[in-house]
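Values in this document were obtained by computation on a predicted structure and should not be read as measured data. The sequence lines fix the lettering, A, B, ..., with proteins before strands; numbering per chain opens at 1.
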There are 2 protein chains.
Amino acid sequence: MPTLAFKLNDHLYLRDPQHTQLGQKIIHSSMLLIDQLGFEQFTFKKLAEEIDSTEASIYRYFENKHRLLVYLIAWYWNWMEYRMEIFTSAVADPKEKLKTCLRILAEEKKYDPTFEFVNEEALHRIVIAELDKTYLTKGVDDLNKEGLFGGFKSVCGKIASLIHVINPNYPFAESLVSTVLITANQQLFFASHLPSLTSLEANESRYNRLYSFLENVVFCSIKADNKYA
Amino acid sequence: MPTLAFKLNDHLYLRDPQHTQLGQKIIHSSMLLIDQLGFEQFTFKKLAEEIDSTEASIYRYFENKHRLLVYLIAWYWNWMEYRMEIFTSAVADPKEKLKTCLRILAEEKKYDPTFEFVNEEALHRIVIAELDKTYLTKGVDDLNKEGLFGGFKSVCGKIASLIHVINPNYPFAESLVSTVLITANQQLFFASHLPSLTSLEANESRYNRLYSFLENVVFCSIKADNKYA
DNA sequence: CGATTAATGATAGTAATACTATTATATTTG
DNA sequence: CAAATATAATAGTATTACTATCATTAATCG
């Protein structure tokens, strides 16, 4: 099977890293390094050492380390959308489609051999720990104009439109979906680090519990026959 | 009326800034400056210039700028808890208490003259834009051990216990509350910067809409008679 | 195949950041 | 008034986040 590559917004990079060996090494190793060190401690210098290259070479692919992070997380949401499409395409009932999306969102992330140079487990930990840093910056509006959050927005939009089909009168579809997309990762962070803020445990059961929580929140909220809708 | 001060966890600072003039200037001006510049662009040097003091003097109050942020946001949650207590103390019905808490969470924040050197409007914008950065760091576990997230955890715990009273069988109270506390601010951020991710508008109606959204999510989820509980 | 072009490496340099350290000078307190 | 403490003034350091230049290697193409 040939290695698949996502067509990501080309403002995310200066040179497309998916198409060269060095680029792939940058993606692969930056994921491992950001996962290990955290985004603040991660530097292009450390990455350069790791891949036996130089800072200057990395700067030819990414304008700065923040954009590299935005790239990695855009990749994640593209991957999510791709999986959601695969697993919902054969499903007709929009409620079932919605459940499938939540299941994919909540499930434990495992290595997907479709994408050779991506370690999805590390990437998921990065999303859990660093997602918010992509948009919580004074530069949001510029990044947004360039379409750099397109992946996340697309996932959000598609799930929201499922909700619109299920209950056209529910007035908070977009808010509900963005809340759920973000809380899915946040709750896993809390389970590991701030357990009093979550009802999930830190063990393996947490993915199923997370799914139950998300399903409960979503399906209760959008039920047509509740006095709050 | 005397100026009130909160008793915050004393690991938050090296010297209590509420008790000296310089300390109060640090709090007051750091709020305005972080609000203006964003946390990344904010430095102790710029703050020192602003208050006609020196970096070294500020470092005698706060170990580093991250802890100053944690301090400011801890102050915010203490203030929230204080307001929730004031406005729920006369209310008997736990459902009404819960609604009051959500109302306080969602409402537009205005200057509270009880706290002279705090600009609550600026502080709220800081919470919206920087809250997640307090705990999304490799040092979370250490900060947590020192009790630096006590304010947030306390608000979360108190609201969760209201839910436990309303419906003892609901199994996700802590997750639901932390989700709501965080999304309340996140949705306001989206309304200003990423409107496709929210069902709120960017105008003044957003606080009421936000309240409706939160009330809907919470009360639907915890209803005893739904098949998801 | 040789020549052009493009990608990478090697190296250097810079302004700013996040501190630490030292000493002098105010200011408060007992 | 003396002693202790808080603050200011100043300097210095390692690191970061870049930018710039030029040499070298690899890919491409007539």
Side-chain angles (χ1 to χ4, degrees), chain A residues 5 10-30 33-34 36-72 117 130 133-134 136-139 142-143, chain B residues 10 12-30 33-34 36-72 117 130 133-134 136-139 142-143:
Chain A
D10 56 13
H11 287 89
L12 284 165
Y13 46 78
L14 298 170
R15 213 198 296 306
D16 189 343
Q18 290 185 119
H19 291 352
T20 71
Q21 224 191 329
L22 180 61
Q24 294 183 11
K25 276 165 80 182
I26 289 173
I27 296 176
H28 179 79
S29 294
S30 65
L33 217 50
I34 293 174
Q36 275 171 49
L37 304 175
F39 184 64
E40 279 69 33
Q41 304 309 313
F42 166 83
T43 69
F44 277 4
K45 192 171 193 179
K46 289 173 186 170
L47 175 58
E49 276 161 29
E50 190 73 23
I51 63 178
D52 282 307
S53 181
T54 62
E55 272 186 277
S57 298
I58 297 166
Y59 274 106
R60 290 198 188 89
Y61 282 85
F62 292 99
E63 219 173 306
N64 53 55
K65 74 169 184 167
H66 184 252
R67 290 208 173 211
L68 170 54
L69 180 67
V70 176
Y71 178 94
L72 296 180
F117 50 89
E130 323 286 358
K133 296 173 192 169
T134 57
L136 293 180
T137 156
K138 281 282 164 181
D142 294 329
L143 299 179
Chain B
D10 55 13
L12 283 165
Y13 47 78
L14 298 172
R15 212 200 292 306
D16 189 344
Q18 289 185 119
H19 291 353
T20 71
Q21 222 190 332
L22 180 61
Q24 293 184 9
K25 276 165 81 180
I26 290 173
I27 297 178
H28 179 79
S29 293
S30 65
L33 216 50
I34 293 175
Q36 274 171 49
L37 304 175
F39 183 64
E40 279 69 32
Q41 305 310 312
F42 165 83
T43 68
F44 278 3
K45 191 171 193 178
K46 289 173 186 170
L47 175 58
E49 277 161 28
E50 190 71 23
I51 62 177
D52 282 310
S53 180
T54 62
E55 271 186 278
S57 298
I58 297 166
Y59 274 105
R60 288 201 189 85
Y61 283 85
F62 292 99
E63 217 174 307
N64 54 53
K65 73 170 185 166
H66 184 254
R67 290 207 173 212
L68 169 55
L69 179 67
V70 176
Y71 178 94
L72 297 180
F117 49 90
E130 324 287 358
K133 296 172 193 169
T134 56
L136 292 181
T137 157
K138 281 281 163 181
D142 294 329
L143 299 178

- [ ] Could you pull out all residues at least two apart from A:Ser29 that satisfy side-chain hydrogen bond (donor to acceptor under 3.5 Å, both in side chains)?
- [x] none
Task: Distance in Å, B:Tyr13 OH paired with B:Ile27 CD1, rounded so as to fall on 0.5 Å steps - done: 10.0 Å
Where do N or O atoms of nucleotides 23-28 of chain D meet protein N or O atoms at under 3.5 Å, pair by pair?
none

- [ ] Using a 4.0 Å heavy-atom cut-off, write out nucleotides 13-22 of chain D from 5' to 3' as B (base contacted by protein), S (sugar-phosphate only) or - (no contact).
- [x] ---SSBBB--
TODO: Check whether any side-chain N or O of B:Ser57 sits under 4.0 Å from OP1 or OP2 of D:dA8, and answer yes or no.
DONE: yes
TODO: Report the distance from atom NZ of B:Lys25 to atom C1' of D:dT7, rounded to the nearest whole Å.
DONE: 11 Å
Task: Separation of B:His28 NE2 from B:Ile51 CD1 (nearest 0.5 Å) - done: 10.5 Å
Task: Separation of atom CG in B:Leu47 from atom P in C:dC19, rounded to whole Å - done: 14 Å
Task: Between P of C:dC19 and CZ of B:Arg67, the distance in whole Å - done: 11 Å
Open item on the list: Quick check: do B:Asp16 and B:Asp10 have side-chain heavy atoms less than 4.5 Å from each other?
Closed with: no
Task: Check: A:Gln41 main-chain N/O paired with A:Lys46 side-chain donor or acceptor under 3.5 Å - done: yes
Open item on the list: For B:Thr137, give me all partners under side-chain hydrogen bond (donor to acceptor under 3.5 Å, both in side chains), at least two apart in sequence or on another chain.
Closed with: none
Open item on the list: Any heavy-atom pair between the side chains of B:Pro17 and B:Tyr71 that's under 4.5 Å?
Closed with: yes
TODO: Answer with base, sugar-phosphate or nothing: what part of the nucleic acid does B:Phe62 contact at a heavy-atom distance below 4.0 Å?
DONE: nothing
Open item on the list: Output the rounded distance in Å from CG (A:Asp16) to P (C:dA6).
Closed with: 18 Å
- [ ] Check the distance between D:dA6's C1' and B:Ile58's CD1 and give it to me in whole angstrom.
- [x] 14 Å
TODO: Find the distance B:Glu49:CD to D:dT7:P and express it as a whole number of Å.
DONE: 19 Å
Open item on the list: Counting only side-chain nitrogens and oxygens, does B:Tyr61 get under 4.0 Å of the OP1 or OP2 atom of D:dA6?
Closed with: no
- [ ] Taking all non-hydrogen atoms of both residues into account, name the closest pair between B:Ala48 and B:Thr54 and its distance.
- [x] CB-C, 3.5 Å
Output one line per pair: protein atom, nucleotide atom from nucleotides 24-30 of chain C, and distance, for all N/O pairs under 3.5 Å.
none

- [ ] Using atom CG of B:Leu22 as one end and atom P of D:dT5 as the other, report the distance to the nearest whole Å.
- [x] 18 Å
Open item on the list: How many whole angstroms separate atom CD of A:Gln24 from atom P of C:dT8?
Closed with: 12 Å
TODO: Quick one: pull up OG in A:Ser57 and CG in A:Leu22 and give me the separation to the nearest 0.5 Å.
DONE: 6.0 Å
TODO: Report yes if at least one side-chain N or O of B:Ser53 is closer than 4.0 Å to OP1 or OP2 of D:dT7; otherwise report no.
DONE: no
For residues 61-69 of chain B, tabulate all N or O donor-acceptor pairs below 3.5 Å that involve a side-chain atom, not counting sequence neighbours.
from	atom 1	to	atom 2	distance (Å)
B:Tyr61	OH	B:Thr20	OG1	2.6
B:Asn64	OD1	B:His66	N	3.1
B:Asn64	OD1	B:Arg67	N	2.9
B:Lys65	NZ	B:Phe39	O	2.9
B:Lys65	NZ	B:Glu40	O	3.3
B:Lys65	NZ	B:Phe42	O	2.9
B:His66	NE2	B:Lys133	O	3.0
B:His66	NE2	B:Thr134	O	3.4
B:Arg67	NH1	B:His11	O	3.2
B:Arg67	NH1	B:Glu146	OE1	3.1
B:Arg67	NH2	B:Glu146	OE2	2.8

Open item on the list: Working note: A:Leu33 + A:Gln36, criterion side chain to side chain contact (heavy atoms under 4.5 Å, CB included); need CA distance, chi angles, decisive distance, verdict.
Closed with: CA-CA 5 Å; A:Leu33 217 50; A:Gln36 275 171 49; 4.3 Å; yes
- [ ] Check whether any side-chain heavy atom of A:Leu47 lies under 4.5 Å from a side-chain heavy atom of A:Ile34, and answer yes or no.
- [x] no
